[in-house]
Amino acid sequence: MVQVPVGRALPDDETVSKLIVAAYDHLGRRGHSRGELGARLRRLGGTPASVEAALDWLTARGLLDDRRYAEEAARVGAEGKRWGRHKLRQWLQQRGVSAEVADEAVSGLSAEGEKERAASLAAQQRARGKRPEQIFRFLVSRGYSSGLARSAALSDADDEMAHDESV
């Protein structure tokens, strides 16, 4: 069973206290948005009022913060999963992050980094024998803008054609 850290006295309401302990368990495994954690606590049998009380308690103590969660999740999604901004924004919103907070988190990512990730993915696809239109569709499905996907899909293909003509 999860122990609540010292100095974090639980509320007197037994139901809310149990939900907070369950929330600690979930938060100990990975970060969660308020909406995502709320859904988990409701599945555990929490009433809307008790879940809100537990989430408010966690938020007031800095243990639950959608902005912090969104910034970290956007960075991990961009670097680890190599998703584009559109997919990251959608993914965050599916996890209960508001559109405003998701937009802020995604806008904090480097545009140059996104361009480099798209170019790297395009090069990998090209090495697998994919044609530029296939690469374009792949990049768009990963959440890159159509302009960036087009540029990345065509950039090395143009270089390869120029190299082939010079040989």
Side-chain angles (χ1 to χ4, degrees), residues 2 19 22-46 48 51-52 54-55 58-59 62-167:
V2 175
L19 291 174
Y24 266 100
D25 190 39
H26 288 294
L27 291 170
R29 290 186 206 128
R30 68 169 182 84
H32 287 73
S33 69
R34 183 180 177 100
E36 188 179 33
L37 187 58
R40 288 181 179 271
L41 296 179
R42 281 189 293 281
R43 282 194 300 270
L44 292 174
V51 168
E52 277 304 306
L55 296 174
L58 292 162
T59 301
L63 301 170
L64 187 62
D65 182 344
D66 272 3
R67 288 188 196 289
R68 186 177 61 224
Y69 168 77
E71 288 169 2
E72 178 64 16
R75 186 188 59 74
V76 168
E79 294 172 7
K81 298 177 188 213
R82 301 195 309 174
W83 287 342
R85 292 171 188 256
H86 299 296
K87 183 155 187 141
L88 288 168
R89 187 177 297 112
Q90 178 185 28
W91 185 77
L92 287 168
Q93 287 179 308
Q94 288 172 343
R95 274 146 192 77
V97 175
S98 72
E100 177 188 333
V101 172
D103 286 342
E104 287 175 20
V106 170
S107 69
L109 298 172
S110 158
E112 197 57 39
E114 184 178 36
K115 196 174 184 179
E116 289 173 13
R117 286 188 301 278
S120 172
L121 286 169
Q124 286 177 351
Q125 292 296 305
R126 205 170 289 105
R128 293 180 179 142
K130 301 291 183 177
R131 297 183 315 274
E133 63 272 14
Q134 292 172 308
I135 297 169
F136 170 81
R137 286 193 303 271
F138 173 76
L139 291 173
V140 168
S141 76
R142 300 286 294 222
Y144 293 92
S145 69
S146 58
L148 181 56
R150 181 181 183 281
S151 174
L154 295 175
S155 68
D156 284 348
D158 293 340
D159 293 345
E160 288 173 12
M161 284 190 273
H163 177 15
D164 290 343
E165 291 171 4
S166 66
V167 174

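Position 1 is the first residue of the sequence; numbering continues from there.
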Atom pair OG/NE2 of Ser141 and His86 - distance to nearest 0.5 Å: 12.5 Å

Contact check, side chains of His26 and Leu44, non-hydrogen atoms, under 4.5 Å: yes

Distance (rounded to the nearest 0.5 Å) between Ser146 OG and Leu139 CG: 11.0 Å

Verdict with reasoning, Arg137 to Lys130, per side-chain contact (heavy atoms from CB on, under 4.5 Å): CA-CA 11 Å; Arg137 286 193 303 271; Lys130 301 291 183 177; over 6 Å; no

Over all atoms of both residues, closest heavy-atom pair of Ala22 and Leu41: CB-CD2, 4.1 Å

cation_pi(Lys87, Trp83) dist<6.0 Å, angle<=45: yes

Donor-acceptor pair, side chain of Arg68 and main chain of Gly62, under 3.5 angstrom: yes

Atom pair CZ/CG of Phe136 and Leu148 - distance to nearest 0.5 Å: 10.5 Å

Shortest non-hydrogen separation from Leu154 to Pro132 and the atoms involved: CD2-CB, 3.9 Å

N-O pairing of Arg30 and Glu36 below 4.0 Å: yes

Pairing of Glu72 and Arg75 as salt bridge, 4.0 angstrom limit: yes

Atom pair OG/CG of Ser33 and Asp65 - distance to nearest 0.5 Å: 11.0 Å

Minimum heavy-atom distance between Leu63 and Leu27, given as atom pair plus value: O-CD1, 3.7 Å

Gap separating the OG atom of Ser98 from the CD atom of Glu104, nearest 0.5 angstrom: 7.5 Å

Neighbour count >12 (heavy atoms, 6.0 Å) for atom CZ, Arg142: yes

Any pair counted as salt bridge (charged side-chain N to carboxylate O under 4.0 Å, His left out), so long as it reaches residues 89-103, sequence neighbours left out: Arg67-Glu100, Arg89-Asp103

Which atom of Val51 lies closest to which atom of Leu19, heavy atoms considered: N-CD1, 3.8 Å

Shortest non-hydrogen contact between Ala74 and Leu109, atoms and distance: O-CD1, 4.0 Å

Donor-acceptor pairs under 3.5 angstrom involving side-chain atoms of residues 113-121: please list them, not counting sequence neighbours.
{"from": "Glu114", "atom 1": "OE1", "to": "Arg85", "atom 2": "NE", "distance (Å)": "2.8"}
{"from": "Glu114", "atom 1": "OE2", "to": "Arg85", "atom 2": "N", "distance (Å)": "2.8"}
{"from": "Arg117", "atom 1": "NE", "to": "Ala78", "atom 2": "O", "distance (Å)": "3.1"}
{"from": "Arg117", "atom 1": "NH1", "to": "Gly113", "atom 2": "O", "distance (Å)": "3.3"}
{"from": "Ser120", "atom 1": "OG", "to": "Arg82", "atom 2": "NH1", "distance (Å)": "3.2"}

Taking every non-hydrogen atom, the tightest pair across Val97 and Ala102: CG1-N, 3.7 Å

Check: Leu92 and Val101 side chains under 4.5 Å, non-hydrogen atoms: no

Residues which pass side chain to side chain donor-acceptor pair (under 3.5 Å) with Glu133, listed by chain and number, not counting sequence neighbours: Arg131

Atom pair NE2 (His32) and CG (Asp66), whose distance is rounded to the nearest 0.5 Å: 12.0 Å

